[in-house]
K.L.:
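Take this structure, written in structure tokens, and hold onto it; I'll ask about it next.
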Number of protein chains: 2
Amino acid sequence: MISQTAEYALRAMVFIAMNSDSPQVTEKIACGTKVPASYLSKILQLLAKSGLVKSQRGIGGGFILAAPPSKISILEIVNAVDPIKRIDTCPLDLSSHGVALCALHKRMDEAIQLVEQAFKKTTLREILSKPTKSIPLCETKLSTHRRTNH
Amino acid sequence: MISQTAEYALRAMVFIAMNSDSPQVTEKIACGTKVPASYLSKILQLLAKSGLVKSQRGIGGGFILAAPPSKISILEIVNAVDPIKRIDTCPLDLSSHGVALCALHKRMDEAIQLVEQAFKKTTLREILSKPTKSIPLCETKLSTHRRTNH
DNA sequence: GGATAATCAGACCTAGATATCCAATTTAAT
DNA sequence: ATTAAATTGGATATCTAGGTCTGATTATCC
């Protein structure tokens, strides 16, 4: 349904948003979101390429959001790493169908559209501010001051 | 979004439903739905195991629906080959979360639920009877009488 | 301003899952 | 018996997830 990669990307973005007071380093994000660090590194690169986060190398560097949480939808995040593709043309390319989709694929596309819309209207801010019993990811909000990483 | 396998299964079921006057043979279904025959064979077995189609070996055999099209939802078809899994527990199993989902995964699950519901209330019959410009799959409804398969 | 350490970026490799192919076997009808 | 079909199992390819190592960039400290 939703790829592992997309799930990871969402977790990372939420984590970065939750700790927006300072750039977050890959290792820390990985730890806080339980995503394998080596793989996460690649996902973060995709997010940076899509302009959702900004990266900064060197000491004190890491990743920060490129826009306020209210401006980032989870659709953008998903699309950055694993684009949701609508069915706009017949998957079997039957000449007789042309542009029009048959009833089956019309239904499929409608379902995809539902998800797309739901994702589009959900922003990071909503996720952060939502009053649920569990705070998103991570046991506790990590402190800012540096500490022995071991 | 929707796996290739699920897409194939749906096509096959629609095809069988459209040609319900006689058992449909793997080769014919493959041809009519543009699904690789060898792979389709395995998918049909899954559908048979789930009780959605009945199989008959030997001459005059093939696959037929196990129930009227109005009783078969496309959710059942998808679930037979590639089950849609709701998010019912925290994907990072954080002790602090327990049963409750955080805002992020609550949203994800809601999206999945939308699809699940949409699929649940769409039956094969609806797909067959829907007035669209294109009939589902296949160029023309295949004729029943046997013919040189080549 | 140069050495050093922190950090991202990128290339390459491995394992597992998904998709596809092929041949041998079983079942049923004529 | 012969023929037409599904069933089964294995072999192969392609994709996804994840790992490893090296290089490039940047900040800090002396």
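The sequence lines fix the lettering, A, B, ..., with proteins before strands; numbering per chain opens at 1. What you are looking at is a predicted structure, and each value in this text was computed from that prediction instead of being measured.
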K.L.:
Does the pair K106(A)/E110(A) count as a salt bridge with the N-to-O cut at 4.0 Å?
P.N.:
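A salt bridge is present here (some side-chain N lies under 4.0 Å from a carboxylate O).
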K.L.:
Taking atom C1' of dA28(C) as reference, at what distance in whole Å does atom NZ of K54(B) sit?
P.N.:
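After rounding, the reported distance stands at 17 Å.
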K.L.:
Distance check needed: dT20(D) P versus Y39(A) OH, whole Å only.
P.N.:
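To the nearest whole Å, that distance equals 16 Å.
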K.L.:
Heavy atoms from C-beta onward define the side chain here; which of dA17(D), dA6(D), dT20(C) lies closest to that of T5(A)?
P.N.:
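That would be dA17(D).
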K.L.:
Does K120(B) come within less than 4.0 Å of E116(B), counting only side-chain N to carboxylate O?
P.N.:
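No, K120(B) and E116(B) are not salt-bridged.
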K.L.:
What is the separation between atom NZ on K49(A) and atom P on dC8(C), rounded to the nearest whole Å?
P.N.:
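It is 15 Å, rounded to the nearest whole Å.
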K.L.:
Could you state the atom-to-atom distance from CD of E27(B) to P of dC22(C) in whole Å?
P.N.:
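About 12 Å, once rounded to whole Å.
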K.L.:
Hey, is the main chain of S22(A) close enough, under 3.5 Å, to the side chain of Q24(A) for a donor-acceptor pair?
P.N.:
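The answer is yes, because a donor-acceptor pair under 3.5 Å joins these two groups.
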K.L.:
OP1 or OP2 of dT7(D) less than 4.0 angstrom from a side-chain nitrogen or oxygen of S55(B), does that happen here?
P.N.:
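True: S55(B) side-chain N/O within range (under 4.0 Å) of dT7(D) OP1/OP2.
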K.L.:
Between C1' on dA4(D) and NZ on K28(B), what's the gap in Å once rounded to a whole number?
P.N.:
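Going from NZ in K28(B) over to C1' in dA4(D) covers 13 Å.
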K.L.:
May I have the distance from I59(B) (atom CD1) to dA6(D) (atom P), rounded to whole angstrom?
P.N.:
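Going from CD1 in I59(B) over to P in dA6(D) covers 12 Å.
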K.L.:
Send over the distance from I43(B) CD1 to dT8(D) P, rounded to a whole Å.
P.N.:
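Whole-Å distance recorded here is 16 Å.
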K.L.:
Starting from the 5' end of DNA chain D, give me the residue, R57(A) or S38(A), whose nearest nucleotide shows up first.
P.N.:
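This one resolves to S38(A).
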K.L.:
Tell me what Q45(B) touches on the nucleic acid: a base, only sugar-phosphate, or nothing, going by heavy atoms under 4.0 Å.
P.N.:
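Here Q45(B) touches the bases of the nucleic acid.
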K.L.:
Just N and O in the side chain of Q56(A): are any of them under 4.0 Å from OP1 or OP2 of dA27(D)?
P.N.:
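For dA27(D), OP1 or OP2 has a side-chain N or O of Q56(A) closer than 4.0 Å.
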K.L.:
Which residue lies toward the 5' end of DNA chain D, L44(B) or A37(A), if each is placed at its nearest nucleotide?
P.N.:
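With L44(B) and A37(A) compared, the 5'-side residue is L44(B).
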K.L.:
Quick check on dG18(D): is either OP1 or OP2 less than 4.0 Å from any side-chain nitrogen or oxygen of Y8(A)?
P.N.:
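Result: yes.
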K.L.:
Can you measure K34(A) atom NZ to dG18(D) atom P for me and round it to whole angstrom units?
P.N.:
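Distance, rounded to whole Å: 15 Å.
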K.L.:
Can you tell whether the side chains of E126(B) and R107(A) come within less than 4.0 Å, N to carboxylate O?
P.N.:
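Salt bridge: yes.
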K.L.:
Any donor-acceptor pair under 3.5 Å linking the side-chain atoms of D82(A) with those of T5(A)?
P.N.:
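Side-chain D/A pair, T5(A) to D82(A): absent.
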